[in-house]
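Working notes, beginning with the structure itself.
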Amino acid sequence: MFNKDQWNEILEALSAKPLRTFITAFGVFWGITILVILLSASTGLENGVKRGFGGMSTNSMFIWTNSTSKPYKGLPQGRYFNYKNGDIDALKREFSQLKYVSPRNQLGGFRGSNNVVRGTKTGAYNVYGDYPEYILQQPMKITKGRFLNYTDINQKRKIAVIGEGIIRELYEPGENVLGTYVKVNGVNFMVVGVYKSISTMGGDSEEKGKEIYTPFTSFQQAFNYGDIVGWMAITAKDDYPITDLKPKILELLKERHTIAPTDDRAIGNFDLYAEYSKINGLFGILKAVSYIVGGLILLSGVIGIINIMLIVVKERTKEIGIRRALGATPWDIKKQILTESVVLSLLAGMAGIIFSTLIILLANSILDGLPDASEVMFANPSISLTVVVIALLILVLSGLIAGFIPARTAVKTKPIDALRTE
Amino acid sequence: MIEIKDLHKSYQTGSSSLHVLKGINFNVAEGELVAIMGSSGSGKSTLLNILGILDEADSGSYILDGVPIKNLNETVASRYRNKFLGFVFQSFNLINYKTALDNVALPLYYQGVNAKDRAEIAMSYLEKVGLASHSHHLPNELSGGQKQRVAIARALASHPKVLLADEPTGALDTTTSYEVMELIQGINDEGKTILIVTHEPDIAAMCKRNVILKDGLIIEDKQIVQQRAKLYV
Ligand SMILES: Nc1ncnc2c1ncn2[C@@H]1O[C@H](COP(=O)(O)OP(=O)(O)OP(=O)(O)O)[C@@H](O)[C@H]1O
Ligand SMILES: [Mg+2]
């Protein structure tokens, strides 16, 4: 259907009135430019926000304890309780859908009293007792040494992984960190690793770089926690949304701790998956809005092409008459008008894609040049191949639509009447 | 070559109807050179357009080279025009953004001839009308006579059975008209059937047969002794 001759015919016709062709093409050019930029900007925002999650396992929730809000089985309202090591085993046993159940304990912290001492220097930091899986749920970058492992857990080693923020405050510049000791609430822990936070979600990254991780078992022993578990980070396997499992998990824990099944306040929880889903939904809407807005602008470009093609057809009525006298079939004529408008919108659209790609590249290089690029909720705005393919399909379709009415008009006139027009 | 019987054609304008052709009977054999004459509004162009399958008669029969032309759809009509007919118009009707060569090649394009052969054939017809040197000129760079020669070359390019010319010399001065007629006579000498609509008696005299229309009827149809255009140029 598309050969070199036809191509020449089209180029000839389009270049006969270059300025008009350019102006007509501009509408489509502009529409596709806006469409692509909107889509890539929403991708950029999505990338930025999702980077904020820093690779956290998003199918996770965190649960902690509050005081009970209802009396139950003879126990009073306002009672405090704690999770126990047994809860962890019970959860793992009852829910095969769970990937990780990490108990955690926490000491001290932000605005607390100084709880960590090294030589003459002191500081107030969050100190955690954790399982090795924790790094999979909340990824961080180990810059020196290692993270916790199961030997640490089993042997209750007094070791610690500390944040780079702490090193700045407790160490001299250039000092060797690994193998040194820090004293937490009077107990010595040997530093075996240094981490750097990579998530900007859920608080201050400055603060997140000032934490100390110790083995859960050592923590319980060193600070006399017995088998108390402060809170838990629970991650489900990918196919089981944690949000769906949550009611059953809470039910089990309530039963184990004699809490009224209707007591919704006793167990505090933060459902990361639900939050993440909300954000995902938001980006779906943002994409849809981009398509609609870009599509509507593109539509006005398409209407421009219809308009011009109608004028072109009217202007060329005589020429069309001549062609038909010389043996062009109605389909020959239609084909030419259709391909002309498809080529016009494709050329304009590809120019638009190239133009918007340049803008995106520019935006990227500006973003990369920012000193604190990782703090910006916008990253790597990009157009995927899918978007380009979709855009091209839209263009071909628009071209066909734009050419359809003019093409019909072009063959509606009888050849003899077409020849008579001046 | 052409057989028409009892051909009628009326035009509807608003509520009134204008009966233009009122029963034309007329045959043309292969190799004839016919002038169709008559006063303005007598229906000459109407007749020629019907012969050219650009328009359709209301009643009567038309057989072109043995093929009945009746109730054709536009696609078939286009094919027949392409295969059987060559047109020459008073106003040349060249496509203004195409060179002389491309204009001549256009009917071949619609015949599906490939680009190389098209250029070759078109060039040979331009040579025939003496315009090989102007093959890459656009129509507005040519004189009226040259334009009409290009149009004739284009009409011949698809190798039609019949050449139809509606006042081919109407827009040309006398000398140029005679040059064009000389060309047409030459083509006719090679055996092509040609019908020319004209007002001018001197042009008609250069044909071999004169048909005179009046009020939608043929009032005179006579063979004549052809004047050779060459003698006047
Ligand atoms: N499309 C049309 N609609 C209505 N009337 C028409 C149409 N075409 C031609 N006519 C009328 O038909 C009559 C014959 O027209 P035609 O063009 O055949 O005349 P002609 O003999 O070629 O005249 P001329 O020598 O001026 O070219 C004229 O009265 C004209 O007004
Ligand atoms: Mg006429």
Side-chain angles (χ1 to χ4, degrees), chain A residues 1-21 308 311-340 343-344 407-422, chain B residues 9 11 45-46 48-50 52-56 72-99 102-119 138-139 151 154-160 164 166:
Chain A
M1 151 154 189
F2 209 73
N3 56 36
K4 187 164 162 269
D5 290 330
Q6 213 182 328
W7 183 241
N8 284 337
E9 286 279 317
I10 288 161
L11 284 189
E12 228 171 32
L14 290 181
S15 52
K17 290 246 165 75
L19 180 65
R20 190 168 71 186
T21 302
I308 288 296
I311 294 173
V312 166
V313 163
K314 186 139 188 67
E315 267 184 9
R316 298 213 317 231
T317 307
K318 178 124 190 191
E319 179 194 324
I320 290 167
I322 298 169
R323 285 173 183 269
R324 291 177 70 183
L326 297 179
T329 62
W331 174 238
D332 283 327
I333 301 290
K334 274 191 194 171
K335 198 167 65 175
Q336 187 177 353
I337 307 281
L338 282 176
T339 38
E340 240 176 81
V343 166
L344 192 60
R408 272 202 2 202
T409 320
V411 294
K412 220 167 51 191
T413 325
K414 286 199 304 182
I416 181 64
D417 296 327
L419 277 169
R420 272 202 200 103
T421 52
E422 277 317 314
Chain B
K9 174 79 183 175
Y11 286 114
S45 297
T46 305
L48 203 75
N49 289 335
I50 292 171
I53 328 182
L54 290 168
D55 207 348
E56 218 183 346
L72 304 179
N73 72 36
E74 240 323 295
T75 306
V76 177
S78 313
R79 299 248 160 77
Y80 283 3
R81 284 196 290 269
N82 188 265
K83 205 161 72 178
F84 292 130
L85 302 161
F87 294 93
V88 177
F89 305 92
Q90 177 175 5
S91 53
F92 322 123
N93 283 350
L94 298 176
I95 293 177
N96 55 24
Y97 59 83
K98 285 179 175 291
T99 63
D102 288 343
N103 264 288
V104 176
L106 202 56
L108 299 165
Y109 171 71
Y110 289 119
Q111 265 178 1
V113 176
N114 74 45
K116 190 168 153 284
D117 293 349
R118 260 189 347 245
L138 290 172
R154 182 177 69 182
L156 293 174
S158 60
H159 210 77
L164 300 172
D166 196 348

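In the text below, chain A, chain B and the rest are named by the order of the sequence lines, each starting its count at 1. Bear in mind that the values here come from a model prediction, so they are computed numbers and not experimental data.
Counting non-hydrogen atoms of other residues, nucleotides and ligands closer than 6.0 Å to CZ of A:R20 gives a total above 12.
With a 4.5 Å cut-off on side-chain heavy atoms, B:R154 and A:I322 count as touching.
Only the side chain of B:F89 comes within contact range of chain A, with at least one heavy atom under 4.5 Å from a heavy atom of that chain. With a 4.5 angstrom heavy-atom cutoff, B:D102 touches chain A only via side-chain atoms. Residue contact with chain A, scored on non-hydrogen atoms closer than 4.5 Å, involves the side chain of B:N49 exclusively. Using a 4.5 Å cut-off between heavy atoms, B:T75 contacts chain A through both its backbone and its side chain.
Of all heavy-atom pairs between B:R81 and B:L54, the closest is CD-CD2, 3.6 Å.
Judged purely by distance below 3.5 Å, without hydrogens or angles, the side chains of B:S45 and B:D166 pair a donor atom with an acceptor atom.
Chain B forms the most heavy-atom pairs under 4.5 Å with one residue out of A:R323, A:K414, A:K318, A:R316, and that residue is A:R323.
Panel note: side chain B:K9, backbone B:E56; a donor-acceptor pair is recorded below 3.5 Å.
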